[in-house]
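Structure record follows, encoded as structure tokens.
Note that the structure is predicted; figures quoted are calculated from it, not measured. In what follows, chains carry the letters A, B, and so on, assigned in the order in which the sequence lines appear, proteins first and then strands, with residues in each chain numbered from 1.
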Amino acid sequence: MPEGPSIVLAKEDIRHLTGLTVKTAKSTATRIDAERFSGTTLKSVRSWGKHLLLKFDNITLRIHFLMFGSYAIGKPKAGRVAKLAIHFSGGDSLFIYAAAMTIIEGPINKTYDWSADVMSMHWNPGNALSKLKANRERLICDALLDQQIFSGVGNIIKNEVLFRTRIHPLNKVGNIPARRMKALVDDAKDYSFLFLKWKRKFVLKKHWEAYTKKKCPRDGHPLTKLYAGTTQRRTFFCEQCQELFTGP
DNA sequence: GAAAATGTTATCAT
DNA sequence: TATGATAACATTTT
């Protein structure tokens, strides 16, 4: 469920519950006092990167699906205990599984930099570029996963965008020429929307060019698989066509 | 059936 | 104190 576009799909899926009032809510997560939702109304469903945000009157439930989280509408998943179960008056219900959740008090606009979210209409590539300028020493494969810079970008999008823009994942941010960096920032957004389109049609995997692949679709060169960066995430790239810049 | 994986955060070490 | 490594979380796919 995890990367930004998948959260957008979840948002679309859940949005029709907006306007309903909570009859009962139960949570097995110690951090969540589900009682607080009782009697409140679901005001809006939003997302910021990988965060799914459900606003109920004065509090917002922040849901992060981590690697394996999921949800169900209407009917709980068989044989599973929901981390949060919300029953609305009228009979609708929402179940959340294996997610990390937090309650945000009051307005959320202060909490979130919407211009960092690649899926947001407020996404601002210029802001991303200036944040990158402040991170010249980091590897680009790490910077792409930084949710403060590219909120919503996950490991698949990281791999595909680096491949599409022919940038070697082990480049230091500061060594990448400005024009190439701009192309990368733009593609982070563009590819995320392609991801969304393909995921919607269940054809996402078919379009992967680098992620989990063995051969470069451009030149047939074998792809390198490396656990790269400070987070040691799987990184697939072509030594031949993805450029490693040596700096100024 | 073991191992790995679309991820983050809290806690432990240094 | 600040930074970095490790564990914890939990489910589906390979």
Exercise. What does nucleotides 7-14 of chain B look like as a protein-contact string, B for base, S for sugar-phosphate only, - for none, at under 4.0 angstrom between heavy atoms?
Worked result: BSSS----

Exercise. Does A/Arg36 count as lying over the ring of A/Phe56, i.e. NZ or CZ under 6.0 Å from the six-ring centre, within 45 degrees of the axis?
Worked result: no

For this session: Please assess A/Leu184 against A/Ile176 for the test side chain to side chain contact (heavy atoms under 4.5 Å, CB included), listing each intermediate value before the final yes or no.
Result: CA-CA 10 Å; A/Leu184 178 99; A/Ile176 301 172; 5.6 Å; no

Salt bridge present between [X] and [Y] (N-O < 4.0 angstrom):
| X | Y | value |
| --- | --- | --- |
| A/Asp190 | A/Arg164 | no |
| A/Lys158 | A/Glu3 | no |
| A/Asp113 | A/Lys131 | yes |

Exercise. When you list every nucleotide of DNA chain C with an atom under 4.0 Å from a heavy atom of chain A, which one comes first 5' to 3', and which comes last?
Worked result: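 Listing 5' to 3', DNA chain C meets chain A from C/dC9 to C/dT14.
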
Problem set entry | Residues from residues 105-117 of chain A lying under 4.0 Å of DNA chain B - heavy atoms | none

Exercise. In whole angstroms, how far is the C1' atom of B/dA3 from the CD atom of A/Gln232?
Worked result: 17 Å

Exercise. Is the shortest heavy-atom distance from the side chain of A/Ile59 to the side chain of A/Phe37 under 4.5 Å?
Worked result: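 Side-chain contact under 4.5 Å: yes.
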
For this session: Decide yes or no for A/Pro107 and A/Asn109: does some side-chain heavy atom of the first lie under 4.5 Å from some side-chain heavy atom of the second?
Result: no

Seminar exercise, completed: Shortest non-hydrogen pair, A/Thr231 vs A/Asp142, comes out as OG1-OD1, 3.6 Å

Problem set entry | More than 12 heavy atoms of other groups within 6.0 Å of A/Lys133 NZ | no

Exercise. Does atom CD of A/Glu12 have more than 12 heavy-atom neighbours from other groups under 6.0 Å away?
Worked result: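 Enclosed: over 12 neighbouring heavy atoms sit under 6.0 Å from CD of A/Glu12.
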
For this session: Could you go through the side chain to side chain contact (heavy atoms under 4.5 Å, CB included) check for A/Asn58 and A/Glu105 one step at a time?
Result: CA-CA 7 Å; A/Asn58 300 321; A/Glu105 309 287 340; over 6 Å; no

Exercise. With sugar-phosphate meaning primed atoms plus P, OP1 and OP2, does A/Lys77 contact a base, only sugar-phosphate, or nothing at under 4.0 Å between heavy atoms?
Worked result: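 The answer is nothing, as A/Lys77 stays clear of every strand by at least 4.0 Å.
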
Exercise. Toward the 5' end of DNA chain C, which comes first, A/Thr230 or A/Lys83, by nearest nucleotide?
Worked result: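 Taking each residue's closest nucleotide, the earlier one in sequence belongs to A/Thr230.
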
Exercise. Closer to the 5' end of DNA chain C via nearest nucleotide, is it A/Lys205 or A/Tyr97?
Worked result: A/Tyr97

Problem set entry | Pairing annotation in dot-bracket form, given for DNA chain B with Watson-Crick or G-U pairs under 3.5 Å and | for cross-strand partners | .||||.||||||||

Problem set entry | Residue list, ring-ring contact (aromatic ring centres under 6.0 Å, His included) with A/Phe95, at least two apart or on another chain | A/His87

Could you pull out every donor-acceptor pair under 3.5 Å between side chains of residues 20-28 of chain A and any protein atom, sequence neighbours left out?
residue: A/Thr21; atom: OG1; partner: A/Thr41; partner atom: OG1; Å: 3.1
residue: A/Ser27; atom: OG; partner: A/Ala29; partner atom: N; Å: 3.0
residue: A/Ser27; atom: OG; partner: A/Lys83; partner atom: O; Å: 2.9

For this session: Considering only atom P, compute the distance from B/dA4 to C/dA7 and round it to an integer number of Å.
Result: 15 Å

Exercise. For atom C1', what is the distance between C/dT12 and B/dT9, given to the nearest Å?
Worked result: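 Straight-line distance between the two C1' atoms is 22 Å.
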
For this session: Ignoring backbone atoms, test whether A/Tyr227 places a side-chain nitrogen or oxygen under 4.0 Å from the OP1 or OP2 oxygen of B/dA5.
Result: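 True: A/Tyr227 side-chain N/O within range (under 4.0 Å) of B/dA5 OP1/OP2.
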
